[in-house]
Amino acid sequence: MVTTSHTATHTAQQAGEATLDRVSWIRVSSVVLPLATPISDAKVLTGRQRPMTEVAFLFVELATEEGHQGIGFSYSKRAGGPGQFAHAQEIAPTLLGEDPSDIGKIWTKLVWAGASVGRSGLSTQAVAAFDIALWDLKAKRAGLPLAKLLGAHRDTVRCYNTSGGFLHTPTEQVLENATASLASGIGGIKIKVGQPDGKEDLRRLTAVREHLGDDVPLMVDANQQWDRPTAQRMGRAFEEFGLVWIEEPLDAYDAPGHAALAASLDTPVATGEMLASVAEHWELIRHNAADIIQPDAPRIGGITQFLKLATLAEQHHLQLAPHFAMEIHLHLAAAYPHEPWVEHFDWLEPLFNERLQISDGRMRVSARPGLGITLSEQARAWTGAKAEFGAQ
């Protein structure tokens, strides 16, 4: 384990009368979560990527002069974790001395601290961990779950499982996993598609639909595997299965292609998880490229940016189904006006002391303040590097 410590003086400007508190201490940590089984989707089967064996997390913990605390995280799959951690170390001192209530101002300040590497991608993914920690702190100080601080439209959110339907999993095991997910209270099932032979996708999807029956919500995810003609053919072939959506049928940045596909199919098209800014999502929205938008708060810069995107999505009457990180997205989905979905992954459970409650097909917002999570001893044990700034 690598540990560094830095003492820094407050760099924020002199406080005004309305200043409530100041950030006095920051810890950034690099945590690597090993996966029990290597994970494969369409990008692996076609040689674009290797199987995923671990997920790298960037955790940010904050404390203030008044004793308030917050925690946030970002993550990276396959590559990028060390880069996020390095960038977070560089920009962290910028936050010292700031009033943690001024989250929008702080987001801009952190982005400009690393402006030469851009306002999307790895740099803003590092900023996201700070931003999420600030929102967690604000909700905790108010004594409210984050969803309630934002203004919840509901206390439970529809949820579906993805982790049981990856392409490395034999079909019979996918069926068993789906049965177990539904028995645990999860409401929908998503499976991966995009195999080199589309007939294999159809056989697998047929088996899953027959196993589940017609009433269980079922989604598929192609992980950007298809070109435009293939997406049209596969989309038409999938119409008979009554899918909730077809996810990422095309390259994530092909907004016109997604728009043409969405216009031609009865099945809704969902995409957005791989985009790394509000501006990139706006390209989807303005092209009418998705029926369901799937932003990922850690990827687009945090909760501050997610809320901006949610407003745009609402104005264009889009459904919302945030990607991954259910510990964060449950709260954000609960605050979205139109009935959303949340993706259930149990991969992150070893990192936290708390568990989200699921029943009757829905994930429940707990009464715990903030995000409602604390780091486990296992997460501490998986910490490979950390750096501290300021003093508690």
Transitively linked via ILVMFWY side-chain contacts under 4.5 Å: Leu312 with Phe306? yes
Say whether Glu247 and Gln294, considering side chains only, have a donor N or O and an acceptor N or O under 3.5 Å apart. yes
Just one of Asp102, Thr124, Leu134 clears the side-chain contact (heavy atoms from CB on, under 4.5 Å) bar with Trp107, so which one? Thr124
Can you check whether Trp341 and His329 have ring centres sitting under 6.0 Å from each other? no
Would you indicate whether the side-chain heavy atoms of Ile285 and Leu318 approach each other to under 4.5 Å? yes
Specify whether Phe345 and Phe324 have parallel, tilted or perpendicular ring planes, treating 30° as the upper limit for parallel and 60° as the lower limit for perpendicular. perpendicular
Establish whether Leu149 and Leu332 are linked, either directly or via other cluster members, by ILVMFWY side-chain heavy-atom contacts under 4.5 Å. yes
Rounded distance [0.5 Å steps], CD1 in Ile300 versus NE2 in His281: 6.0 Å
If hydrophobic clusters are built from ILVMFWY residues whose side chains come within less than 4.5 Å, do Leu284 and Met274 share one? no
Let me see the working for Ser184 and His344 under side chain to side chain donor-acceptor pair (under 3.5 Å), right down to the final yes or no. CA-CA 11 Å; Ser184 73; His344 176 268; over 6 Å; no
Assess the residue pair Phe85 and His87 against the criterion (ring pair (Phe, Tyr, Trp, His ring centres under 6.0 Å)); give the C-alpha distance rounded to whole Å, side-chain angles, the decisive distance to 0.1 Å, and a yes or no. CA-CA 5 Å; Phe85 177 68; His87 192 69; over 10 Å; no
Under 6.0 Å from the CG atom of Asp197, do we count more than 12 heavy atoms belonging to anything else shown? yes
Trp135 six-ring face occupied by Lys138 cation (under 6.0 Å, within 45°): yes
Is it true that the NZ or CZ of Lys386 lies under 6.0 Å from the centre of Phe59's six-membered ring and within 45 degrees of the ring axis? no
To the closest 0.5 Å, what do you measure between CZ (Phe352) and OG1 (Thr374)? 9.0 Å
Ignoring hydrogens, what is the shortest heavy-atom contact between Ala56 and Gly81? Give both atom names and the distance. CB-CA, 3.8 Å
Check for a donor-acceptor pair, side chain of Asp251 on one end and backbone N or O of Gln224 on the other, with a separation under 3.5 Å. no
Given side chain to side chain contact (heavy atoms under 4.5 Å, CB included), test Glu388 with Ile26 step by step and report yes or no. CA-CA 6 Å; Glu388 296 188 17; Ile26 305 162; over 6 Å; no
Does a donor on one side chain and an acceptor on the other come within less than 3.5 Å for Glu65 and Ser24? no
Check against side chain to side chain donor-acceptor pair (under 3.5 Å), Glu280 and Tyr253: CA-CA 8 Å; Glu280 291 174 5; Tyr253 292 91; 3.3 Å; yes
Between the main-chain N or O of Ala385 and the side-chain N or O of Thr383, is there a donor-acceptor pair closer than 3.5 Å? no
Backbone N/O of Gly70 and side chain of Asp136: donor-acceptor pair under 3.5 Å: no
If you look at every heavy atom in His258 and Pro249, which pair is closest and at what distance? NE2-CD, 3.6 Å
How far apart are the C-alpha atoms of Arg204 and Thr169, what are their side-chain angles, what is the distance that settles it, and do they pass the side chain to side chain contact (heavy atoms under 4.5 Å, CB included) test? CA-CA 11 Å; Arg204 188 179 180 94; Thr169 309; 4.2 Å; yes
Do Glu61 and Arg380 sit within salt-bridge range, that is, some charged N less than 4.0 Å from a carboxylate O? yes
Indicate, with yes or no, if the rings of Phe238 and Trp245 have centres closer together than 6.0 Å. no
Is it possible for you to say whether Ile373 and Leu375 belong to one hydrophobic cluster, with membership spreading through side-chain heavy-atom contacts below 4.5 Å? yes
Pair Asn223-Lys192, side-chain donor/acceptor within less than 3.5 Å: yes
Is it true that Arg141 and Asp21 make a salt bridge, defined as a side-chain N closer than 4.0 Å to a carboxylate O? no
Do side-chain atoms of Arg158 reach the backbone of Pro340 as a donor and acceptor pair under 3.5 angstrom? yes
Search all heavy atoms of Arg368 against all heavy atoms of Arg355 and return the closest pair with its distance. NH2-O, 3.8 Å
With rounding to the nearest 0.5 angstrom, report the CD1 to CG distance, Ile106 to Asp99. 7.0 Å
Minimum heavy-atom separation for Val365 and Pro145, please, with both atom names. CG1-CB, 4.1 Å
Distance alone, cut at 3.5 Å: any donor-acceptor contact between the side chains of Thr64 and Arg22? no
In terms of the angle between their ring planes, are Phe57 and Phe73 parallel, tilted or perpendicular, with boundaries placed at 30° and 60°? perpendicular
Approximate separation, where rounding is to 0.5 Å, of Glu343 CD and Thr162 OG1: 3.5 Å
Using atom types as modelled and distance alone, determine if a side-chain donor or acceptor of Arg233 lies under 3.5 Å from a backbone N or O of Arg228. no
Is it true that Glu240 and Arg209 have a side-chain N and a carboxylate O under 4.0 angstrom from each other? no
Rounded to the nearest 0.5 Å, how far does CG of Asp201 lie from NZ of Lys199? 11.0 Å
Would you say Tyr336's side chain and Glu314's backbone share a donor-acceptor pair under 3.5 angstrom? yes
Checking the side chain of Thr230 only, and the main-chain atoms of Trp226 only, is there a donor and an acceptor separated by less than 3.5 Å? no
Would Gln232 and Ser264 count as having a side-chain donor-acceptor pair, cut-off 3.5 Å? yes
If I take atom CD from residue Gln125 and atom CZ from residue Arg299, how far apart are they, to the nearest 0.5 angstrom? 7.0 Å
Would you tell me whether Thr267 and Glu239 have side-chain atoms, one donor and one acceptor, within less than 3.5 Å of each other? yes
Pairing of Glu339 and Arg362 as salt bridge, 4.0 angstrom limit: yes
Over 60° means perpendicular and under 30° means parallel, so classify the ring planes of Trp282 and His316, tilted if in between. perpendicular
Are Leu261 and Ile293 linked, directly or through intermediate hydrophobic residues, by side-chain heavy-atom contacts shorter than 4.5 Å (ILVMFWY only)? no
Testing the basics here: between Ala262 and Asp291, what is the closest heavy-atom pair and its distance to 0.1 Å? CB-OD2, 4.0 Å
What I want to check is whether the side chains of Asn353 and Ser376 have a donor and an acceptor closer together than 3.5 Å. no
Going through the checks in order, is the side chain to side chain donor-acceptor pair (under 3.5 Å) test met by Asn161 and Ser163? CA-CA 6 Å; Asn161 178 263; Ser163 55; 3.2 Å; yes
More than 12 foreign heavy atoms under 6.0 Å from CD of Gln357: is that the case here? no
Which pair of non-hydrogen atoms, one from Ala126 and one from Gln84, has the smallest distance, and what is that distance? CB-O, 3.7 Å
Please evaluate residues Leu58 and Ser29 with respect to the criterion side chain to side chain contact (heavy atoms under 4.5 Å, CB included), reporting the C-alpha separation (whole Å), side-chain torsions for both, the decisive distance (0.1 Å), and the verdict. CA-CA 6 Å; Leu58 168 66; Ser29 304; over 6 Å; no
Given Glu327 and Leu371, is the side chain to side chain contact (heavy atoms under 4.5 Å, CB included) satisfied, shown in steps? CA-CA 7 Å; Glu327 293 79 5; Leu371 293 173; over 6 Å; no
Leu356 versus Ser366: any side-chain heavy-atom pair under 4.5 Å? no
